[in-house]
2 protein chains.
Amino acid sequence: MGRVIVDVTLKSEILDPQGQAVLRALQSQGLKQVADVRQGKTFEITFEGAINKEVLDQVEALASEVLSNPVIENFVIRSYEKES
Amino acid sequence: MGRVIVDVTLKSEILDPQGQAVLRALQSQGLKQVADVRQGKTFEITFEGAINKEVLDQVEALASEVLSNPVIENFVIRSYEKES
């Protein structure tokens, strides 16, 4: 079993109302020093077999089609385990 | 400016319908070897000053009140930069 973690974040020029709501909530709970909060998504993908370069290439291709909206989001393959 | 990244994931015994939808989408796009997908949230929190132990302790305390629902979710402080 291999595992890939993909992080999807809003591009920096895109407004993040959810992040702003969390920012205000943290500040109202006493964390006054918070300057900004950005919320993102994470996909932990488990594979039946081991992970090879072909699988990683497929994940990278599908990340911009299935996992993220390339108009407003960036993605990065944060980590992977070939087998576990 | 310090920065803290908090990952929030569903507990393993909690159903993840969003992850299941992504699983089916990946499989239908040709990634047949996918066995499971779990979707999580990420909060990137930027602070005005440097980050010290007190700030990290506050983040940890608020992560279970503001950032996550401890009944169904786990959180982990993935990384932090004291200053940047």
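Quantities reported herein were computed from a predicted structural model and do not represent experimental measurements. Heavy-atom basis, side chains included; hydrogens, waters and symmetry copies ignored.
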Among B:Ala61, B:Ala25, B:Ala35, residue most engaged with chain A (heavy-atom pairs, under 4.5 Å) | B:Ala35

Where B:Leu10 and B:Leu15 come nearest, the two heavy atoms and their spacing = CD1-O, 3.8 Å

For B:Val66, is it the side chain, the backbone, both or neither that has a heavy atom under 4.5 Å from a heavy atom of chain A?
-> side chain

Salt-bridge criterion met for A:Glu44 and B:Arg38 (N-O under 4.0 Å) = no

Given a strict heavy-atom distance threshold of 4.5 Å, which part of A:Leu67 is in contact with chain B: side chain, backbone, both, or neither?
-> side chain

Checking heavy atoms, do the side chain of B:Leu23, its backbone, both or neither come under 4.5 Å from chain A?
-> neither

Top contributor to chain A contacts, counting heavy-atom pairs under 4.5 Å, from B:Asp7, B:Thr46, B:Leu31, B:Val59 | B:Thr46

For the residue pair A:Ile45 and B:Val34, establish whether any side-chain heavy-atom pair is separated by less than 4.5 Å.
-> yes

With distance as the sole test, does B:Lys82 use its side chain to make a donor-acceptor pair with the main-chain N or O of B:Arg3 at under 3.5 Å?
-> no

Sort out for me which of A:Glu65, A:Glu48, A:Lys32 touches chain B most, counting heavy-atom pairs under 4.5 Å.
-> A:Glu48

Most contacts with chain A, counted as non-hydrogen pairs under 4.5 angstrom, among B:Val37, B:Val55, B:Val4, B:Thr9 = B:Val37

Measuring from B:Gln33:CD to A:Phe47:CZ, what's the distance to the nearest 0.5 Å?
-> 6.5 Å

Turns out that what part of B:Gln18 lies under 4.5 Å from chain A's heavy atoms comes down to neither

Main-chain N/O of A:Leu56 paired with A:Glu60 side-chain donor or acceptor, under 3.5 Å | no

